[in-house]
Amino acid sequence: MAMVGLFWIAEGDVYVGAKPSGLAPGVRLTPEGVVSLGAGQSGFHLWEDVHALTVADVPVKSLKRQVGAVKDLAVGTVLELALSAGPGRVGDAPPLMTVCVESPDGDHELAAYVAAAVGYSQAEVDLSRALLSRLTEGAATMATTLAAMSEWGRGWEGGSPRRAEREGLLREWVG
């Protein structure tokens, strides 16, 4: 599993945001279309019906956000020890992004958890948005782009690549 820009690639599966588990919300990109997952947002949008695919509410990495994440981790650890609440307290869910699917039957707003703990670099956000736009350019473009992403995911071993490599992959997939 690896994060590349706004995408989470697990083996051959491509998600916008974090890969959901259980009833958590998420968005999966398949060769057939955009699949919304999780409680309260099940749905499927065929690529031929998707006119635009955008993402809003994306946290951009900043020094303030990084310092805040470290502070929250430290305070959370102290509270866990002091209150003996144990790990995994309720309410520790990551922030949500909004994946917008524009189709003939209207605009659909889907929720997906953010995969980056302190946000995404501005370059990764911009490249990811360009890649989402590319996926709606037509069947051939979508198929080859999504296939390249899936193929990379099946061959990748280890965690997420470093920032420069992630940006390079996004540039390659955007074309």
Side-chain angles (χ1 to χ4, degrees), residues 1-31 33-38 41 53-77 80 87-89 91-101 110-136 141-175:
M1 296 187 282
M3 182 187 69
V4 179
L6 301 181
F7 304 96
W8 190 261
I9 304 172
E11 298 170 357
D13 296 333
V14 178
Y15 299 87
V16 180
K19 177 182 178 182
S21 63
L23 298 176
V27 177
R28 182 174 174 211
L29 306 177
T30 71
V34 179
V35 182
S36 54
L37 305 166
Q41 70 169 21
L53 190 58
T54 59
V55 181
D57 308 318
V58 179
V60 176
K61 187 183 294 186
S62 67
L63 181 58
K64 181 178 177 181
R65 186 178 297 279
Q66 289 173 305
V67 168
V70 171
K71 178 193 70 112
D72 290 347
L73 179 62
V75 169
T77 301
E80 280 183 28
R89 295 184 334 262
D92 285 345
L96 289 168
M97 296 186 294
T98 305
V99 181
C100 305
V101 180
L110 312 174
Y113 282 122
V114 170
V118 293
Y120 302 92
S121 73
Q122 187 63 57
E124 285 184 279
V125 171
D126 294 342
L127 288 165
S128 296
R129 286 180 169 152
L131 183 53
L132 287 168
S133 179
R134 180 163 173 71
L135 290 172
T136 64
T141 301
M142 179 280 304
T144 56
T145 303
L146 201 53
M149 295 171 78
S150 294
E151 183 179 327
W152 178 85
R154 282 189 293 276
W156 178 256
E157 294 181 15
S160 298
R162 296 204 176 274
R163 178 179 168 180
E165 187 176 351
R166 292 191 310 264
E167 289 177 11
L169 284 165
L170 290 166
R171 282 187 185 88
E172 178 183 324
W173 296 332
V174 168

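- When the options Ile9, Leu37, Leu29 are evaluated for a side-chain contact (heavy atoms from CB on, under 4.5 Å) with Tyr15, the one that passes is Leu37.
- Scanning both residues, Met97 and Gly17, for their nearest heavy atoms gives CE-CA, 3.4 Å.
- Shown here for Phe7 and Val14, the closest heavy-atom pair between the two residues is CD2-CG1, 4.1 Å.
- Side-chain contact between Leu132 and Thr54 is absent, with no heavy-atom pair separated by less than 4.5 Å.
- Taken from CG in Leu169 to CD in Glu124, the straight-line distance is 10.0 Å, to the nearest 0.5 Å.
- From Met149, atom CE reaches atom CG of Leu135 across 6.5 Å, with rounding to the nearest 0.5 Å.
- A donor-acceptor contact shorter than 3.5 Å is absent between the side chain of Arg134 and the backbone of Thr141.
- Remark: side-chain polar atoms of Ser36 are paired, donor with acceptor, to backbone N or O of Gln41 under 3.5 angstrom.
- Within a 6.0 Å radius of CD in Glu165, more than 12 heavy atoms belonging to other residues, nucleotides or ligands are found.
- For Glu151, the CD atom sits in a loose shell: 12 or fewer heavy atoms of surrounding residues, nucleotides or ligands are nearer than 6.0 Å.
- Among all heavy-atom pairs drawn from Pro20 and Gly26, the shortest one is CG-CA, 3.8 Å.
- From Arg166, atom CZ reaches atom OG of Ser121 across 6.5 Å, with rounding to the nearest 0.5 Å.
- A heavy-atom distance below 4.5 Å is not found between the side chains of Asp57 and Leu96.
- Considering only heavy atoms from C-beta on, Lys61 stays 4.5 Å or farther from Tyr120 through its side chain.
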